[in-house]
Amino acid sequence: ALARAHGPNAFVAFAACKLGAPHLMLGDLDAAWALSEEATALAAAEPVGMLHSFIGVWRSMTAFARGDLGEARAAAEAIL
């Protein structure tokens, strides 16, 4: 909450994405996806770079785990 209120978008996007990873690994796919959505939205205002690639990889893995192969492919292709 503190980072969301005071941190720069890039920091919060990275933190949200990284927080989604354990949710994904422990099977809480709804929480993982919600954090992926938040990270993606925050990163949209940042210059394209490593942050987008990092989020894209986790977003793709989360979409794949949810069975959404179209979104998984789109997220993976977006970082190429």
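Values below: all heavy atoms of this structure, side chains included; hydrogens, waters and symmetry mates excluded.
- Taking CG of Leu29 as the reference point, atom CG of Asp68 lies at 11.5 Å (rounded to 0.5 Å).
- Trp58 and Leu42 sit in two unconnected hydrophobic clusters of ILVMFWY residues. Membership requires side-chain heavy atoms under 4.5 Å apart, directly or through other members.
- Taking all atoms of both residues into account, the shortest heavy-atom contact from Gly20 to Ala32 is O-CB, 3.6 Å.
- Across all non-hydrogen atoms, the minimal contact from Ser60 to Ala72 is OG-O, 2.9 Å.
- Both Met25 and Ile55 belong to a common hydrophobic cluster when Ile, Leu, Val, Met, Phe, Trp and Tyr are linked at side-chain heavy-atom distances under 4.5 angstrom.
- The shortest heavy-atom contact between Leu35 and Ala16 is CB-O, 3.4 Å.
- Hydrophobic clustering, with ILVMFWY side chains joined whenever heavy atoms are under 4.5 angstrom apart, keeps Ile79 apart from Phe64.
- Linking Ile, Leu, Val, Met, Phe, Trp and Tyr whenever their side-chain heavy atoms come within less than 4.5 Å leaves Met61 and Trp33 in two separate clusters.
- The minimum heavy-atom distance linking His52 with Ala44 is given by the pair NE2-N, 4.4 Å.
- Remark: the backbone N or O of Asp30 is not paired with any side-chain donor or acceptor of His23 at under 3.5 angstrom.
- In the hydrophobic cluster analysis, where Ile, Leu, Val, Met, Phe, Trp and Tyr join through side-chain heavy atoms closer than 4.5 angstrom, Val57 is grouped together with Phe14.
- Thr40 contributes a side-chain N or O that, together with a main-chain N or O of Ser36, makes up a donor-acceptor pair within less than 3.5 Å.
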